[in-house]
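Structure first, then comments.
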Amino acid sequence: MANKQIVSSKTVAKLKSVSKLYGHGQLLVKALDDLSLQVLQGDYLAVMGASGSGKSTAMNILGCLDRPTLGSYELNGVAVEALNDDALADLRNQELGFVFQQFHLLPEATALENVMLPMIYAGHPSTIRKERAEEALIKVGLKDRMANRPNQLSGGQQQRVAIARAIINQPALLLADEPTGALDSTTTRDVLNLFDELHDQGITIVLVTHEDDVASRAKTVAKFKDGKVVKIVQNSSV
Ligand code: ADP
Ligand code: MG
């Protein structure tokens, strides 16, 4: 599906005729049904659709956490299906950042240590890791909270730590599955403002939400139904 209004033409993520099947026989579930979707560089795409329409399955495939049953996925020019699990893990670490509804922070680690974690896997020396993690935490407004553990932080602050961790390796694509689902409306606004800032800085974002006001902040909205994209809308106000 072509998005003609988007200026950048570089495709960051390209799902082509992707199906994901679970179970078999009478119990066969088509979580994704011949889904094609392109995410262009600089886009901020909101994925909407009823529960069970395949949003999380699509995010898991975009995030290389799962593989399609049929079809192909290209991430930043790399054909994902050709990669073995180790290469896939490397690609995930280098090109992708994740934010989830539940923040998935390590409870015993400080905010700083949580943010440094993806860089350990990427093999950066510790001085660089610390410097960059501090910068990322300052960027998300947590300069004074770096030494706090998750249980010493509010939900909104924990999600900010998770966002800092997600962007620390400068990913090609930031994936967020209902990132404001566990937050109150004020905190939701703060987190969405942060996504706006990251998008303004050139980060490509795909965000799943079932809330219209969250989706209205995005540049493009893709509506899912029964494992397919049934509608793509460009938000004119952004
Ligand atoms: P959404 O995120 O839009 O609510 P999902 O992608 O989680 O939808 O699920 C799409 C469909 O696939 C649903 O019918 C769900 O029950 C099914 N599904 C998802 N994951 C699995 C799984 N691991 N095993 C079996 N069925 C699954
Ligand atoms: Mg879901």
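Order of appearance sets the numbers: ligands from 1, and atoms from 1 within every ligand. Since this is a predicted model, take the numbers as computed values, not measurements.
- Closest protein heavy atom to atom 14 (O) of ligand 1: V29 CG1, 3.8 Å.
- G54 N, 3.3 Å is the protein heavy atom nearest to atom 8 (O) of ligand 1.
- As a member of the Ile/Leu/Val/Met/Phe/Trp/Tyr network built from side-chain separations under 4.5 Å, L27 groups with nothing else and remains a singleton.
- Rounded to the nearest 0.5 Å, atoms CE (M119) and CZ (R129) are 7.0 Å apart.
- Under the rule for a side-chain contact (heavy atoms from CB on, under 4.5 Å), the partners of Q101 that lie at least two apart in sequence or sit in another chain are E178, A182.
- Shown are the protein N/O/S atoms under 2.8 Å from the Mg ion (ligand 2), given by residue and atom: S56 OG.
- Residue contact check for ligand 1: S53 places a non-hydrogen atom closer than 4.0 Å to it.
- At a threshold of 4.0 Å, the pair R217-D212 does not count as salt-bridged, since none of the basic side-chain nitrogens sits closer than that to a carboxylate oxygen.
- Expressed to the nearest 0.5 Å, how far NZ of K225 lies from OG of S53 amounts to 10.5 Å.
- From the protein, the heavy atom lying nearest to atom 21 (C) of ligand 1 is Y22 CE1, 3.3 Å.
- Among protein heavy atoms, atom 10 (C) of ligand 1 sits closest to G52 O, 3.4 Å.
- Between atom OG1 of residue T110 and atom CG of residue N114 there is a gap of 7.0 Å, rounded to the nearest 0.5 Å.
- To the nearest 0.5 Å, the span separating CD1 on I61 from OG on S19 amounts to 9.0 Å.
- Residue contacts with ligand 1, taken as heavy atom pairs separated by less than 4.0 Å, involve A50 solely via the backbone atoms N, CA, C and O.
- Sorted by first and then second residue, the side chain to side chain donor-acceptor pair (under 3.5 Å) pairs involving residues 54-64 (not counting sequence neighbours) are S56-D177.
- Considering only non-hydrogen protein atoms, atom 7 (O) of ligand 1 sits nearest to S56 CB, 3.8 Å.
- The pair K139-E135 does not count as a salt bridge, with every side-chain nitrogen at least 4.0 angstrom from each carboxylate oxygen.
- Q158 places a side-chain N or O within donor-acceptor distance of the main-chain N or O of L153, the cut-off being under 3.5 Å.
- Within the 4.0 angstrom cut-off, atom 16 (O) of ligand 1 has no protein heavy-atom neighbours.
- Ring geometry for F100 against H104 counts as perpendicular: the plane angle is over 60°, on a 0 to 90° scale with 30° as the lower cut.
- Using a 4.0 Å cut-off to heavy atoms of S51, the atoms of ligand 1 that qualify are 4 (O).
- The protein reaches atom 19 (C) of ligand 1 closely, with a heavy atom under 4.0 angstrom from it.
- A donor-acceptor contact closer than 3.5 angstrom links the side chains of D43 and T220.
- Ranking protein heavy atoms by distance to atom 5 (P) of ligand 1, first place goes to T57 OG1, 3.6 Å.
- When only non-hydrogen protein atoms are considered, atom 12 (O) of ligand 1 lies nearest to A31 CB, 3.2 Å.
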